[in-house]
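Reviewing the structure listed below.
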Amino acid sequence: DLHVRSRRQRQMCIRDRTNWVQGNHTVTLPSSPARGDRVRIFLVSGSNMTVARNGKLINSDAANLTVTTEDAAFELVSNNDSYGWRIFTI
C-alpha cells in the first residue's frame, strides 16, 4: 500500500506526486492537503486499486475511489473541504 505525502514544488507552492501502481493496492491520499495539491495515478494493466480518501471527500463523495479500468490514468487535485479531491484529468 502507498501513502502519498505532498512535497513543495517551484515558487507557486504547488505540490505534486506521481504514483505508478501495479498489482492490487490501496493509495492513501494526504490527510491535510493544501488547495492545489495534485496526485497523478497511472494504473498498470491487470491491476485494481483503491484510492483511500483519508478523511477528505473525492468529487464531493464520502467514499473511497475504486479503480478497475485497465490502464487508467488520472490526476486528483485538492480543491476545498466542500468538494475535496477533484478528478482533474483523465
Side-chain angles (χ1 to χ4, degrees):
D1 291 351
L2 302 169
H3 295 272
V4 178
R5 289 182 173 75
S6 299
R7 63 179 166 88
R8 292 192 183 268
Q9 182 184 42
R10 299 187 199 101
Q11 293 178 352
M12 297 175 11
C13 295
I14 294 176
R15 297 172 190 200
D16 180 60
R17 176 71 80 195
T18 302
N19 294 298
W20 294 83
V21 179
Q22 183 174 17
N24 299 328
H25 290 284
T26 298
V27 175
T28 303
L29 295 172
S31 60
S32 300
R35 187 172 190 175
D37 279 0
R38 299 171 185 270
V39 177
R40 292 185 194 118
I41 305 287
F42 300 93
L43 187 64
V44 178
S45 62
S47 303
N48 292 314
M49 177 180 55
T50 300
V51 179
R53 61 190 191 88
N54 205 5
K56 298 295 180 182
L57 302 174
I58 298 176
N59 278 351
S60 302
D61 191 9
N64 292 332
L65 177 65
T66 302
V67 183
T68 58
T69 302
E70 189 170 306
D71 297 325
F74 59 94
E75 181 176 42
L76 295 168
V77 178
S78 177
N79 188 3
N80 56 34
D81 287 336
S82 297
Y83 296 106
W85 292 93
R86 301 298 296 224
I87 295 177
F88 185 69
T89 56
I90 298 177

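For this chain, numbers begin at 1 and follow the sequence in order. Atoms considered below: every heavy atom in the structure, side chains included; atoms not considered: hydrogens, waters and symmetry mates.
In this structure, the side chain to side chain contact (heavy atoms under 4.5 Å, CB included) partners of T68, at least two apart in sequence or on a different chain, are N48, T66.
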### Message
Using side chain to side chain contact (heavy atoms under 4.5 Å, CB included), reason through N79 and R35 one step at a time and then give a plain yes or no.
### Response
CA-CA 5 Å; N79 188 3; R35 187 172 190 175; 3.2 Å; yes
### Task
Evaluate the side chain to side chain contact (heavy atoms under 4.5 Å, CB included) criterion for residues W85 and L65: first the C-alpha distance (whole Å), next the side-chain angles of each, then the deciding distance (0.1 Å), finally the verdict.
CA-CA 11 Å; W85 292 93; L65 177 65; over 6 Å; no
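The shortest heavy-atom contact between I41 and M49 is CG2-CE, 3.0 Å. Closest non-hydrogen pair, A52 versus N64, comes out as CA-OD1, 3.3 Å.
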Taking only distance into account, with no hydrogens and no angle test, what donor-acceptor pairs under 3.5 Å do side-chain atoms of residues 54-62 form with protein atoms, sequence neighbours excluded?
| unit_1 | atom_1 | unit_2 | atom_2 | d |
| --- | --- | --- | --- | --- |
| N54 | ND2 | L29 | O | 2.7 |
| K56 | NZ | D81 | OD1 | 3.1 |
| N59 | OD1 | I87 | N | 3.1 |

